[in-house]
Amino acid sequence: MELVLAKNRDAQQVYVLVQETIKVVYPKYYLKEIVDMFCEFHSRENIIKDIEAGNTYILMENKEIIGTGTKNEYHITRVYVLPQYQKKGYGTFIMNRLEEMISEKYNYANIDASLPACRLYSRLGYQTVDHGIWECKNGVIQVYEIMKKQLINESLEKLIIRPYKPKDAEAIVSWIKDERALRKWSSDRYGAYPITAEDINYKYLKCNGDCEEPDNFYPITAVDANGPVGHLIMRYTNKKKTIIRLGFIIVDDSKRGMGYGKRMIQMAMRYAFDMLKAEKITLGVFNNNPSAYYCYKAAGFNEISMKEDIVFEILGEKWKCIELEINKE
């Protein structure tokens, strides 16, 4: 999956994607007049103009266009993901990539938020700064939120990593909202959901993180000015102690999409290379966790081609594990 600049030949597919998404999702939130207004606003002609201006991007998955997003200077618009791909992290990925591009020239981004997307934008750190009004047919009025996000995050600038402390377990547990989140974080390393702070501390302090070697388990917590915001563990995977494996990677769910995961991973990489003298760092991520996958890619990791798929039976499903690595050089 990748976000690439749309070309003129993509205009029809982008138009169909946007129209289909509006017609499936928006009637749950809006009157017909407002739905029609959105369809008219995102016309084929307007989409072509944005593509020709070099402002529109498309999200590709297996050579299929499944999402799109447009930016004009610091303004983000027309972020849509096909209904069957929603709630899987693709919208967050599009927003993160657009913000990265905007941050090269501007300190903030803004967006006009529809009702279906407000929750996503709020979770990504956007705040409502004003309201706009559209007059639709038959006297129907739509009020929408104008949202803004500061891309230079002062709390993120103050982020540090330190050795794990037993009290950190309470924060980690609070970030795991359901069993699916637990398994994405820890696979089959814990028993029944939910887990407790005592479960984590038992595994870490009594079981050495399930590592047989006595000096081969390094749990780390990322902390900003307000307390713990992320966590991961490190361990060597070879006798020469040149390869470090990252695991149990998690970020405060209220701060996801705000750069904390990427910054924590980069700090951990620096520690592994400089202090633990690693020559390579590896990690694994399930293929149903695209937001984490692209966080690791943004931090510099590359996917490894495997001879055979690594598949786990979890929650009655088959979850493929994708392997990634980065070398010191």
Side-chain angles (χ1 to χ4, degrees), residues 1-8 10-11 14-15 17-18 21-22 37-38 40-43 45-60 65-81 86 89-134 142-159 224 251 254-263 266 290-291 294-295 297-299:
M1 183 177 66
E2 58 180 340
L3 191 71
V4 298
L5 195 64
K7 300 185 182 301
N8 288 340
D10 303 315
V14 173
Y15 172 73
L17 181 153
V18 171
T21 305
I22 291 173
M37 179 273 300
F38 274 107
E40 291 172 7
F41 181 75
H42 295 297
S43 65
E45 291 73 19
N46 286 338
I47 289 172
I48 291 173
K49 286 179 183 178
D50 283 326
I51 290 177
E52 290 179 344
N55 294 334
T56 294
Y57 294 80
I58 50 176
L59 183 64
M60 305 295 297
I65 300 175
I66 67 169
T68 185
T70 295
K71 69 172 184 67
N72 186 354
E73 295 184 335
Y74 51 80
H75 184 68
I76 296 174
T77 186
R78 199 181 295 122
V79 176
Y80 288 101
V81 175
Q86 291 180 8
Y90 295 112
T92 297
F93 174 67
I94 292 173
M95 290 294 295
N96 288 344
R97 290 291 293 114
L98 294 177
E99 288 171 5
E100 286 177 9
M101 290 181 252
I102 290 172
S103 68
E104 294 175 2
K105 292 185 178 181
Y106 302 96
N107 292 333
Y108 67 92
N110 67 17
I111 192 165
D112 299 334
S114 64
L115 287 176
C118 279
R119 186 177 180 184
L120 168 64
Y121 301 148
S122 294
R123 184 171 61 80
L124 295 179
Y126 285 81
Q127 295 181 334
T128 300
V129 295
D130 203 351
H131 290 84
I133 295 176
W134 269 348
Q142 187 221 353
V143 178
Y144 61 91
E145 295 186 47
I146 300 171
M147 306 184 78
K148 180 178 178 180
K149 177 180 178 179
Q150 200 71 27
L151 299 179
I152 304 296
N153 189 320
E154 292 183 3
S155 296
L156 188 57
E157 292 295 322
K158 296 178 181 178
L159 190 70
D224 69 6
V251 173
S254 69
K255 297 183 182 296
R256 289 174 189 162
M258 300 170 65
Y260 283 88
K262 177 181 175 182
R263 180 64 64 88
Q266 290 174 330
S291 57
Y294 282 99
C295 172
K297 292 277 286 184

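Quick note: residue numbers are just sequence positions, from 1.
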Between CG on residue L3 and CG on residue L98, distance to nearest 0.5 Å: 6.0 Å

Heavy-atom side-chain contact between S291 and R256 under 4.5 Å: no

Pairwise side-chain contact, Y106 with L151, heavy-atom cut-off 4.5 Å (strictly under): no

Ring geometry between W134 and Y144 (parallel below 30°, tilted from 30 to 60°, perpendicular above 60°): tilted

Taking every non-hydrogen atom, the tightest pair across I102 and A109: CD1-CB, 4.1 Å

Under the side chain to side chain contact (heavy atoms under 4.5 Å, CB included) test, residues paired with K7 that sit two or more places apart: R9, D10

Spacing of OH belonging to Y90 relative to CG belonging to L59, to within rounding of 0.5 Å: 7.5 Å

Any residue meeting side chain to side chain contact (heavy atoms under 4.5 Å, CB included) with S122, in chain and number order, not counting sequence neighbours: M147

Derivation of the side-chain contact (heavy atoms from CB on, under 4.5 Å) call for M95 and I111: CA-CA 10 Å; M95 290 294 295; I111 192 165; 4.1 Å; yes

Contacts of F93 that satisfy ring-ring contact (aromatic ring centres under 6.0 Å, His included) - sequence neighbours left out: Y294

Sequence neighbours excluded, every pair satisfying salt bridge (Lys or Arg N to Asp or Glu O under 4.0 Å) that has a member inside residues 105-133: none

Counterpart residues, salt bridge (Lys or Arg N to Asp or Glu O under 4.0 Å), relative to E99 (two or more places apart): K149

Under the side chain to side chain contact (heavy atoms under 4.5 Å, CB included) test, residues paired with S43 that sit two or more places apart: E45, N46

Heavy-atom check, side chain of V81 versus side chain of T21, under 4.5 Å: no

Partner set under side chain to side chain donor-acceptor pair (under 3.5 Å) for Q127, not counting sequence neighbours: none

Interatomic distance, Y121 atom OH to T92 atom OG1 [nearest 0.5 angstrom]: 10.0 Å

Partners passing side chain to side chain donor-acceptor pair (under 3.5 Å) against E100 (at least two apart in sequence or in another chain): R97

CG on L17 to CD1 on I22, rounded to 0.5 Å: 9.5 Å

For D50, all residues meeting side chain to side chain donor-acceptor pair (under 3.5 Å), sequence neighbours excluded: R78

Under the salt bridge (Lys or Arg N to Asp or Glu O under 4.0 Å) test, residues paired with E40 that sit two or more places apart: K137

Rounded distance (nearest 0.5 Å) linking atom CG of L5 with atom CD1 of I58: 8.5 Å

Minimum-distance pair of heavy atoms, taken over all atoms of G89 and P290: CA-CG, 4.4 Å

Side chain to side chain, E145 and Y126, heavy atoms closer than 4.5 Å: no

Distance-minimising heavy-atom pair for A113 and C118: CB-SG, 3.7 Å

Donor-acceptor contacts, no H, no angles, side chain residues 69-76, under 3.5 Å, sequence neighbours left out:
from	atom 1	to	atom 2	distance (Å)
T70	OG1	T56	OG1	2.8
H75	ND1	N110	OD1	2.7

Contacts of type side chain to side chain donor-acceptor pair (under 3.5 Å), residue S114, not counting sequence neighbours: Y26

From OH (Y80) to CD1 (I94), nearest 0.5 Å: 12.0 Å

